[in-house]
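Worksheet: one structure, shown below.
We count residues from 1, following the sequence as given. What you see is a predicted model, and the numbers here were worked out from it, not measured in a lab. Ligands are counted one by one from 1 in listed order, and the atoms in each one are counted from 1 as well.
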Amino acid sequence: MRVTRAAAAAAAFLAAAAGLSACGLGGTEEETVADKQSLVIGVKEDQPALGVKGPDGTYKGFDVDVATYIAGKLGIPESRLTFKTTNSSVREEALANGTVDIIVATYSITATRKMKVTFAGPYYVAHQDTFVRADDTSINDVRDLKGKRICAVTGSNSWRRVIEERKVAAEPVTVDTYGACMDALAGGRLDAVSTDDLIVAGFAAGRPGRMINAPFTDEKYGVGIKKGDLKGCEEINRAITAMYQDGTAKRLLDKWFGDSGLKLTTSVPQFEGCK
Ligand code: GLU
């Protein structure tokens, strides 16, 4: 009788456990990036020094190194990371539908994006500046963009900072990526590329042209994760703190931007808080 009852209890327990995992509760560990065994990481593929995809398919850059460090702190080795090109126009959607687990891709934390994405960090604060052709002396401040053709990357915030926030009546020319912006500038189809100084600095190293050195925003680069993953956000913030405290952030900034002439900040940024 005892045995029978114990067996019945065990069977009931197993059935309940199966039921739980069938309805998703057993999969709780998959609901936070903090408990994942592998990660798909969204990065850029055409932003020198930040995220570049090489001919062999591997990705390189500051964002790639930051993502690799954070993943390591979450207990996920490089061998279990998959990098995936995630352009500005698809970032929110890629997190929401699970195409990527996290995004480290010059992704500024903004109030609008926070409605759809949980952001850890920032892991760095960049500032918007403007890149022009070397022979163009007419643009020296964001106000000089009035009447000029500026690059408007779909899904990116930079052109909005000029036209909507600063109310400078520039003419937006829509393209897909910042690499395409730089080509359009060189080809005379645009007058200026106004975006984060880190992005401009990365391109400037390999192209003629001039950064006007008139920064006018704070671009808080966040680590985007699925909306509501607060545990993941907190763990990533701990990883970012460690990255600054153990000297990795300074080393990576020097590695990728040491020759850029930018004034690099090597103290841990003020976090936004996980919400
Ligand atoms: N940081 C800006 C943004 O998130 C510009 C760069 C980008 O689009 O990746 O909108």
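The part of Thr195 lying near ligand 1 is the side chain, judged by heavy-atom distances below 4.0 Å. Using a 4.0 Å cut-off between heavy atoms, Lys220 makes no contact with ligand 1 at all. Proximity of Ile199 to ligand 1, defined as any heavy-atom pair under 4.0 Å, is confined to the side chain (atoms from C-beta onward). Neither the backbone nor the side chain of Arg161 comes within 4.0 Å of ligand 1, counting heavy atoms alone. When heavy-atom distances to ligand 1 are checked against a 4.0 Å cut-off, Asp196 comes that close only through its side chain, counted from C-beta outward. In Ala105, the part holding a heavy atom less than 4.0 Å from any atom of ligand 1 is the backbone.
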In a table with atom names and distances, give each donor-acceptor pair under 3.5 Å that connects a side chain of residues 71-82 to protein atoms at least two apart or in another chain.
residue: Arg80; atom: NH1; partner: Gln37; partner atom: O; Å: 2.5

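Each of Leu185, Ile212, Leu145 was evaluated against Val132; a single residue qualifies, Ile212, per the side-chain contact (heavy atoms from CB on, under 4.5 Å) test.
Formation of a donor-acceptor pair under 3.5 Å by the Arg91 side chain with backbone atoms of Ser156 is not found in this model.
Under a 4.5 Å side-chain heavy-atom criterion applied to ILVMFWY residues, the cluster that includes Val52 comprises that residue alone.
Within ligand 1, the atoms closer than 4.0 Å to a non-hydrogen atom of Lys44 are 7 (C), 8 (O), 9 (O), numbered from 1 in the order shown. Those atoms of ligand 1 with a heavy atom of Ser88 less than 4.0 angstrom away are 7 (C), 8 (O), 9 (O).
With salt bridges taken as basic N to acidic carboxylate O contacts below 4.0 Å, none links Lys60 and Asp65. Contact check on Lys84 versus Asp101 returns no salt bridge, with no Lys/Arg side-chain nitrogen under 4.0 Å from an Asp/Glu carboxylate oxygen.
Distance from atom 10 (O) of ligand 1 to its nearest protein heavy atom, with residue and atom name: Asn157 N, 2.7 Å.
Residue contacts with ligand 1: Arg113 is placed with a nitrogen or oxygen under 3.5 Å of a nitrogen or oxygen of the ligand (distance criterion only). Where the criterion is an N or O separation shorter than 3.5 Å, residue side chain and backbone included, Ser156 meets it with respect to ligand 1. For ligand 1, the polar-atom distance check finds an N/O of Thr106 within less than 3.5 Å of one of the ligand's N/O atoms.
There is a side-chain donor-acceptor pair under 3.5 Å between Asp218 and His127. Side chains of Ser108 and Asn157: no donor on one and acceptor on the other come within 3.5 Å.
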